[in-house]
Amino acid sequence: MSELTVFNTLTRKLEKFEPVKPDRVRMYVCGPTVYGDSHLGHAKSYISFDLVNRWLKVSGFNPLYVQNITDVGHLVGDAEEGEDKIQKLSKETASEPMAIAEGFTRSYFEDMDRLNILRPHISPRATGHIPEQIEMIQNLIAKGIAYESNGSVYFDVKKFPGYGKLSGRKTDELLEGVRVEIHEDKKNPLDFALWKKAEPNHLMRWNSPWGVGFPGWHIECSAMSMKYLGESFDIHGGGLENQFPHHECEIAQSEAATGKPFVKYWLHNNMVTVNGEKMGKSKGNFILVKDLVKTYDPMVIRFLVLSSHYRSPIDFSAEGLTSAQNGYERLMNVVGPILKFETAGRNELTLPAIRNWFMEFSEAMNDDFNSPRALAVLFNVVKALNTNPEYLVDPAVREELPVFFKLTAGEVLGLLPETRSGKSFEKELETAMNLILELRTGFRQEKNWAKSDLIRDRLTAGGLLIEDGKEGSRWKIKTNS
RNA sequence: GGCGACGUACCCAAGUGGCUAAGGGAGAAGUCUGCAAAACUUUCAUUCGGCGGUUCGAAUCCGCCCGUCGCCUCCA
């Protein structure tokens, strides 16, 4: 069995994965800012880290997965002076800011559930951890690394020599950047806010040792990750675009506060484009998960995301989605019926051929979560089974194959939601469909094509496909209905 | 301007020094079949953006050039 290797942004190398503490792997992933419905960017990012979480679990690393919910809106427009995003919506819709944040938080979980993303073990809210953030800021001030200025608190970047080590930037180069603006409260233009003074009209506000205000953008992730995972933990994940400044600032404030290494492995997923263009508000090409699942099975979206590596960008187009849909159907045409086989209580892989397939699958996953390769292994299995149908006659094979697919396609890749693997009303539906097919077979034997086709057409229209084969007819649920 | 990623068939996408360059989609021909669908078989890159170099040997390493994208500002 191969060992897990991961690409660490900090070293820009593939590294052997060794947990900080042997008992379990601790992982933090930057969660959404809940001021809108989830889009495809969220889908890719959270499917990617769901895959990481699932593979860690299956390979026995016992992951503890924390993902924040950012419900302090942060700012719209220019970094320091803009309006809080949630505040903006609150004014427009005359609702409580917290009600808006709560609404989008629920919407986020709904969307992620549909994509069969396992919920993180802890989903801490930024607004629920204001005392922790204040405490951390006080600590930084006490150490002389942060300073108060006019009711706000800033991190003194010059006091942290490692600033820039994640994103490969040097502070003097950053200063030459065209867009760094001079800010009168800051000692240095690169200094970033830990705490912001609230203007009188600012809705989300808390008392602090420095007056009424609200936390800076980066501090919540440091405070909450360390609260639940400890001062040094294994994995920190997030989107590539957060490398700088967000993650860079997290490292600075955390390591300055504790004097210990913050995170061992930094994992970053690549971005989503739509028809070749970056998805962005300015382009007006945001695709929401809620809209896409009206047309496509959520598993098709998941399949598409998994068919490219998490560190590669992915382009969403109608053509790509159709291609993914056909591929997913091909996989399910074989896997679906096998899942119905009786496993007779079997839960281990013992047969050499199946063990070998699982080994190939594991090697792909251990290679920095290479899901496209893992999927290719499954397709090779599908091909092998289709080419050698006699293999499926063996009772041991029939018992063990469902175990194999539930583990690989199900537990690891998350492509088999409960409704497909035997929960809900599947048993009852099965009984009814078997009866219908039995009657229809009678019509077919009488060569009553009119009636047999009527049955098939009506079922097809209702989303149930009938396929007539040599060994009788079978049915399945349409992926795209 | 600075930093970084990438360029593999019609489309998507693995492979990063050495057996015949995975896999999916689309296309083509055939088998099966009341029709349809599915499945199966065969076919589909002498070649990996271009040009040089290193090497017995490179898609894989090095250099230059061309092109695409991202970050540097809120963003998954």
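Residue numbering restarts at 1 for every chain, and letters A, B, ... go by the order of the sequence lines.
The separation of C72(B) from U54(B), taken at their C1' atoms, amounts to 36 Å, rounded to a whole angstrom. The C1' atoms of A14(B) and C56(B) are separated by 28 Å, rounded to the nearest whole Å. The separation of C64(B) from A28(B), taken at their P atoms, amounts to 46 Å, rounded to a whole angstrom. Using P as the reference atom, U16(B) and A22(B) are 13 Å apart when rounded to the nearest Å. Atom C1' of C65(B) sits at a distance of 14 Å from the matching atom of G7(B), rounded to the whole Å. With both ends at atom C1', the span from A21(B) to A13(B) equals 13 Å, rounded to whole Å. The gap from the C1' atom of A9(B) to that of C51(B) amounts to 23 Å, rounded to the nearest Å. Taking atom P on both G50(B) and A58(B), the two are 15 Å apart, rounded to the nearest angstrom.
Distance Lys44(A) NZ to A13(B) P: 10 Å, rounded to the nearest Å. Summarising the geometry, the separation between CZ on Phe7(A) and C1' on G15(B) is reported as 17 Å, rounded to the nearest angstrom. The CZ-P distance, from Phe361(A) to A14(B), rounds to 16 Å in whole Å. Atom C1' of nucleotide C3(B) and atom CD of Glu241(A) are separated by 16 Å, given to the nearest angstrom. Going from atom CG of Leu413(A) over to atom P of G24(B) covers 15 Å, rounded to whole Å. When rounded to the nearest whole Å, the span between CD1 of Ile477(A) and C1' of A37(B) equals 17 Å. For the pair Phe192(A) CZ and C72(B) P, the computed distance is 16 Å after rounding to whole Å. Separating the CG atom of Leu331(A) from the P atom of C12(B) is a distance of 22 Å, rounded to the nearest angstrom.
Counting only heavy atoms from C-beta outward, the side chains of Thr70(A) and Val34(A) never approach each other to under 4.5 Å. Inter-residue side-chain proximity for Trp206(A) and Pro215(A) is flagged as met; some heavy-atom pair is nearer than 4.5 Å.
Note on Phe303(A): nothing from the nucleic acid sits closer than 4.0 angstrom, heavy atoms only. Within 4.0 Å (heavy atoms only), His309(A) reaches sugar-phosphate atoms of the nucleic acid but no base atom. Residue contacts for Asp367(A): at a heavy-atom cut-off of 4.0 Å it reaches the sugar-phosphate backbone alone, with no base atom in range.
Summarising the base pairing, A13(B) is matched to no nucleotide, lacking a Watson-Crick or G-U wobble pair whose two defining distances lie under 3.5 Å. Using the Watson-Crick or G-U wobble rule with both distances under 3.5 Å, G34(B) pairs with nothing in any strand shown. Remark: U20(B) base-pairs with no nucleotide; criterion is Watson-Crick or G-U wobble with both hydrogen-bond distances under 3.5 Å. Remark: A5(B) base-pairs with U68(B); criterion is Watson-Crick or G-U wobble with both hydrogen-bond distances under 3.5 Å. Remark: A28(B) base-pairs with U42(B). Criterion, Watson-Crick or G-U wobble with two distances under 3.5 Å. Taking a pair to require two hydrogen-bonding distances under 3.5 Å in either a Watson-Crick or a G-U wobble arrangement, C61(B) pairs with G53(B).
Side-chain N or O atoms of Asn388(A) include none that pairs as donor or acceptor with a backbone N or O of Tyr391(A) at under 3.5 Å. Distance alone, capped at 3.5 Å, places no donor-acceptor pair between the Arg456(A) side chain and the Ile466(A) backbone.
Cation-pi geometry between Arg398(A) and Phe341(A) is satisfied (NZ or CZ under 6.0 Å from the ring centre, within 45° of the ring normal). Cation-pi geometry between Arg169(A) and Phe244(A) is satisfied (NZ or CZ under 6.0 Å from the ring centre, within 45° of the ring normal). A cation-pi arrangement is found for Arg311(A) relative to Phe7(A), the charged atom lying closer than 6.0 Å to the ring centre and inside a 45° cone about the ring normal.
Taking side-chain N and O atoms only, Thr33(A) has no distance below 4.0 Å to OP1 or OP2 of C74(B). At A14(B), none of the side-chain N or O atoms of Ser371(A) fall inside 4.0 Å of OP1 or OP2 (strictly under the cut-off). Between Asn386(A) and the phosphate of C40(B), there is a side-chain N or O to OP1/OP2 separation shorter than 4.0 Å. Between Asn270(A) and the phosphate of G70(B), there is no side-chain N or O to OP1/OP2 separation shorter than 4.0 Å.
Between Thr273(A) and Phe49(A), the residue anchored nearer the 5' end of RNA chain B, judged by the nucleotide with its closest heavy atom, is Thr273(A). In terms of position along RNA chain B, the nucleotide closest to Asn380(A) lies nearer the 5' end than the nucleotide closest to the other residue of the pair Asn380(A) and Val272(A).
Between the side chains of Tyr108(A) and Glu110(A), no donor-acceptor pair of N or O atoms lies under 3.5 Å.
For Asn242(A), counting side-chain heavy atoms from C-beta on, the closest listed nucleotide (C72(B), A38(B), A76(B)) is A76(B). Closest to the Lys383(A) side chain, of the nucleotides G4(B), A39(B), U41(B), is U41(B). The side chain of Phe244(A) lies closest to C72(B), out of C72(B), G15(B), A14(B).
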Protein-to-nucleotide contact annotation, 5' to 3' order, nucleotides 25-36 of chain B [B base; S sugar-phosphate only; - none; under 4.0 Å, heavy atom]: SS-------BBB

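Shown here is Lys290(A), whose NZ atom has more than 12 heavy atoms of other residues, nucleotides or ligands within 6.0 Å.
A side-chain contact (heavy atoms from CB on, under 4.5 Å) with Met27(A) is found for one member of Asp234(A), Leu64(A), Val52(A), Val263(A) and no other, namely Val52(A).
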